[in-house]
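What follows is a set of notes on a single structure, which appears directly below.
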There are 2 protein chains.
Amino acid sequence: MPYRIGEAAKRAGCKVETVRYYEQAGLLPEPARTEGNFRLYSEAHLEQLCFIRHCRSLNMSLEDIRSLLELKTRPIENCAEINALVDEHIRRVEEQMDLLVQLRQSLQELRGQCIGPEATGTCEIIRGLSECECHGGADSKV
Amino acid sequence: MPYRIGEAAKRAGCKVETVRYYEQAGLLPEPARTEGNFRLYSEAHLEQLCFIRHCRSLNMSLEDIRSLLELKTRPIENCAEINALVDEHIRRVEEQMDLLVQLRQSLQELRGQCIGPEATGTCEIIRGLSECECHGGADSKV
DNA sequence: CCTTGACTCTATAGTTACTAGAGGGATTGT
DNA sequence: ACAATCCCTCTAGTAACTATAGAGTCAAGG
């Protein structure tokens, strides 16, 4: 019934090294060992590993997951805090989305400046990327 | 007219260490030095630094920027390649956006499962995060 | 019994794009 | 002359792994 690390990793859909990494990071308790010093994971270990992977698939940081694992020990009492953590994470995801929207906008504007190299005798994209008021206007070689 | 590193960094809107880092990464050519071994940046250096920062503000990798700096030496001949690089970057940004949209969807579904801790005697969010078929169903302690 | 192969162990270094610090020298202003 | 501010090099730290090196363990086959 107990799993060795390879089996545990396969079931959780990650690499063996990742499992060991979680242990070292304090997200997964140290498992029992065989006589030959192999790790032996219980069902509960596997559940926790899957929990971690599920959180990671939602892009939560290991720090967040650490908190969740702590809160998880008293799910009812900590329900509000758990909700808050998820809300905060959603907020961060939305923040990142906004950033990407702006980014794409800027990139598309830049891309749209290209009207063929013949027209202006230079690449308009490079010109766009070079635009800046921080330096003098003179053309100069590095 | 030449700038010391502090002035150059300020004009480019980054830290002194970042400028040195770009030099070490091969994005910025080694500048002249004063007798006292201080870096002295020319106008051209500053332009290149701003170019790099501009690209970074568009979230391009230093690797991308390295390529762009190379292509930039022959802007007309390389116009197509430059466009391709920007297009590829836009594609990556959009890919990331799609990921975030899915992520937010999953997170909101998870968040929506919470119906108050009294209802089911546990936190539905934790239950959602624990869902997985990789392990046995039995409740178990770690 | 011995060997082969698959698995596991620890420890260490690499990835990205910086950032922060130690411990020292240079320059500037009073 | 001295303090404040700049600058120098070198090293280590960040997140979340990934990828080695070099060794040990274990089951099956000959």
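Just so we're clear, the structure is a prediction, and the values are computed from it rather than from any experiment.
Distance Ile65(B) CD1 to dC18(C) C1': 12 Å, rounded to the nearest Å. Distance Ile5(B) CD1 to dT27(C) C1': 16 Å, rounded to the nearest Å. In this structure, the CZ atom of Arg39(B) is 17 Å from the C1' atom of dT27(C), given to the nearest Å.
From Gln113(A), atom CD reaches atom CD1 of Ile125(A) across 8.0 Å, with rounding to the nearest 0.5 Å.
At a threshold of 4.0 angstrom between heavy atoms, the contacts of Arg66(A) with the nucleic acid are absent.
Ion pairing between Glu124(A) and Arg127(A) holds under the 4.0 Å rule for side-chain N and carboxylate O. Using a 4.0 Å cut-off between charged nitrogen and carboxylate oxygen, Arg92(A) and Asp87(A) do not count as a salt-bridge pair. Using a 4.0 Å cut-off between charged nitrogen and carboxylate oxygen, Arg4(B) and Glu7(B) do not count as a salt-bridge pair.
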Close N or O pairs between protein and nucleotides 22-26 of chain C (under 3.5 Å):
none

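Contacts between residues 89-101 of chain A and DNA chain C, counted as heavy-atom distances below 4.0 Å, involve no residue at all. A heavy atom lying under 4.0 Å from DNA chain D marks the following residues of residues 12-27 of chain A, by number: Lys15(A), Glu17(A), Thr18(A), Tyr21(A), Tyr22(A).
Residues forming a salt bridge (charged side-chain N to carboxylate O under 4.0 Å, His left out) with Arg91(B) (at least two apart in sequence, or on another chain): Glu88(B), Glu95(B).
With 3.5 Å as the limit, one finds a donor-acceptor pair spanning the side chains of Arg53(A) and Tyr22(A). Counting only N and O atoms by type, the side chains of Ser57(A) and His54(A) include no donor and acceptor under 3.5 Å apart. Glu43(A) and Tyr3(A) are linked by a side-chain donor-acceptor pair at a separation below 3.5 angstrom, with hydrogens and angles left out of the test. A side-chain donor from one of Gln105(A) and Glu109(A) sits under 3.5 Å from a side-chain acceptor of the other.
Here the side chains of Cys123(B) and Asn78(A) are not in contact, with every heavy-atom distance at 4.5 Å or above. Residues Ser106(A) and Leu103(A) fail the side-chain proximity criterion, which asks for heavy atoms closer than 4.5 Å. A 4.5 Å side-chain heavy-atom check between Asn59(B) and His89(B) finds at least one atom pair inside the cut-off. The shortest side-chain heavy-atom distance between Glu30(A) and Arg39(A) does not fall under the 4.5 Å cut-off.
Defining each end axis of the helix from dC1(C)-dG30(D) to dT30(C)-dA1(D) as the rotation carrying four pairs' C1' atoms onto the next four, with five pairs an end, the two axes are found to diverge by 30° to 10 degrees.
Grouping the Ile, Leu, Val, Met, Phe, Trp and Tyr side chains by contacts below 4.5 angstrom, directly or via other members, places Leu71(B) with Leu69(B). Both Leu107(B) and Leu62(A) are part of a single hydrophobic cluster, where members link through side-chain heavy atoms under 4.5 Å apart.
Taking the 5' to 3' direction, DNA chain D first and last meets chain B under 4.0 angstrom from a heavy atom at dC6(D) to dT9(D).
Where Arg4(A) and Arg53(B) each meet DNA chain C at their nearest nucleotide, the meeting point lying more 5' is that of Arg4(A).
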